[in-house]
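Since we're looking at a predicted model, the values are computed, not measured. A note on names: the letters A, B, ... follow the listed sequences, proteins ahead of strands, and every chain is numbered from 1.
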Protein chains: 2
Amino acid sequence: MFAHISPSPACPPSILGLTASHASFSSSEFNYRKGTEIYGEKEPAEYVYQVMSGAVRSYKLLSDGRRQIGAFHLVGDIFGLENNDIHRFTAEAVVDTTVRLIRRLSLERVAHTDPALARHLLVMTTSNLQHAEDHMLLLGRKTALERVAAFLLEMDRRTGVGVVALPMCRRDIADYLGLTLETVSRALSKLHACGALDFLGSNQREIVLVDRAQLAMLDT
Amino acid sequence: MFAHISPSPACPPSILGLTASHASFSSSEFNYRKGTEIYGEKEPAEYVYQVMSGAVRSYKLLSDGRRQIGAFHLVGDIFGLENNDIHRFTAEAVVDTTVRLIRRLSLERVAHTDPALARHLLVMTTSNLQHAEDHMLLLGRKTALERVAAFLLEMDRRTGVGVVALPMCRRDIADYLGLTLETVSRALSKLHACGALDFLGSNQREIVLVDRAQLAMLDT
DNA sequence: CGAGGGTTTGAAACCTCTCAAATGACGTGG
DNA sequence: CCACGTCATTTGAGAGGTTTCAAACCCTCG
């Protein structure tokens, strides 16, 4: 793949909740071009990743190509954290993306002696679990319109203040929501017609203005 | 609810992977009648539970009553393990059920000083996460027939050797698989007609003989 | 034996998917 | 700077799988 080593720019102070007290972690950065694979399902999990810029999708495939995206990872998010040795998803860059990575083994080594880090790993795993539990309800029981509304609210909650930039294409959204890209497009059109959202910029992936109250009515 | 204290019968040696070295846990047993609630979503999580006999369903509800069952807990399973203070599901007895319970606080207290237990809690949370991840793929991308086949294979894997007793009704299965009870019934009929399974006993909930190879062909 | 709940099966409705075409956005090269 | 090719998105029309509504059947239990 097209992974290029890049010099470390100004570093955010914390990865994995680690502070200066954990200076022993070697963390380096990598760039992935749009669409390239970061790791594959069932590959050995050598690293844990944090998104520095860009966005990542984690997905599973059925043998005939049907795809279910389990999560999008946005700036600041940690992903690839496996407590087994093997990745359970494939991870790909949605757009050009920079990630920071830490060796899983070094993390585990420290976690063995540092209860605070061990607890932090549990907290992260729990929040992944919580997201998956909520997503099961969406996939099993919500309508197309409800799913798209919930997706926009999730992106809004995670990224900003009523203005959401969507880095992923309609097909990605569809595979996240268990729909087809056409159904997603129709739902967005309907929400647009209802005034629940507006598009800013010529490209409709760029920015979406969200009316939280109106979307929340669909989030039962 | 109709929870009755029962005298402790012969105790399996281990709960939560704890051995004799953790004698400090007070564990008592409770009985729940079929259909009664063990705990509700958003209730404070005071206990962690292990199924001694019977079966339990964990579910979330939408405001209009749509239900998504996230998991069935069978004999030996641990459930109600929250790392937050609040239950994220409602748990109900599918049939008359006996559970053993441990105070969450006492568990956390020990986990703070016992790395082995802390690691075990992470392992359990991870396996819950793994199940949820697989279930997202099922709910988002599999057909009705594939879902029912996957369900039977899961029950077979968890309970026995080609013979599965289904304690839950069609509606429970449907709410687990994101379908309606009629669709589940039709899928079972089709699998029966294909020879992929047989019913033993007059009541069709009781025992199902599974042809693993044939079901596995549907498990893409 | 009758009542009640669970299951099966049928028929029609409906939501989403599939297939298709038109439109729009963007980069490249003339 | 515009023409063109490519890719993403939108929109339409029809098909299809699942749901809804309904009725019959079965099993259990009082």
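Among the protein residues, B:Leu188 comes within range of no part of the nucleic acid, since none of its heavy atoms lies under 4.0 Å from any strand. Contacts of B:Thr183 with the nucleic acid, taken as non-hydrogen atoms under 4.0 Å apart, include base atoms. B:Gly178 comes within 4.0 angstrom of the backbone, heavy atoms only, and of no base.
In this structure, A:Phe199 places its CZ atom 13 Å from C1' of C:dG24, rounding to the nearest Å. Separating the CD atom of A:Glu146 from the C1' atom of C:dT16 is a distance of 14 Å, rounded to the nearest angstrom. If you take CZ of A:Arg147 and C1' of C:dT16, they are 10 Å apart, rounded to a whole angstrom. Between the CZ atom of A:Arg171 and the C1' atom of D:dT10 there is a distance of 15 Å, given to the nearest Å. For A:Leu145 and C:dC17, the CG to P distance is 13 Å, given to the nearest whole Å. Whole-Å rounding puts the B:Met168 CE to C:dG5 P distance at 21 Å. The NZ-C1' distance, from A:Lys190 to D:dG12, rounds to 15 Å in whole Å. Distance CG (A:Leu200) to C1' (C:dA25): 17 Å, rounded to an integer number of Å.
Comparing D:dT10, D:dA8, C:dT18 against the side chain of A:Cys169 picks out D:dA8 as the nearest. When each of D:dA22, C:dA11, C:dA20 is scored by its nearest atom to the side-chain atoms of B:Arg186, the top-ranked nucleotide is C:dA11. In this structure, the nucleotide among C:dC17, C:dA20, C:dT8 sitting nearest to the side chain of B:Arg170 is C:dT8. Here the side chain of A:Leu179 is nearest to one of D:dT18, C:dT16, C:dT9, namely C:dT16. Listed nucleotides: D:dT18, C:dT18, C:dT7. Nearest to the side chain of B:Ala144: D:dT18.
Comparing B:Glu182 and B:Lys34 by the nucleotide of DNA chain C that holds the closest heavy atom to each, the one mapping nearer the 5' end is B:Lys34.
Salt bridge annotation for B:Asp77-B:Arg158: present, with a cationic side-chain nitrogen under 4.0 angstrom from a carboxylate oxygen. Between A:Glu46 and A:Arg104 there is no salt bridge, since no side-chain N of the basic residue sits under 4.0 Å from a carboxylate O of the acidic one.
Within the structure, every side-chain polar atom (N or O) of A:Thr143 is placed at least 4.0 Å from both OP1 and OP2 of C:dC15. Distances shown here put every side-chain N or O of A:Thr180 at or beyond 4.0 Å from the OP1 or OP2 atom of C:dT18.
For the residue pair A:Tyr39 / A:Glu82, no side-chain donor-acceptor distance below 3.5 Å is found, with atom types taken as modelled.
The two residues B:Asp198 and B:His192 have their closest heavy-atom pair at OD1-NE2, 3.4 Å.
Ring centers of A:Phe89 and A:Phe79: at least 6.0 Å apart, outside the cut-off.
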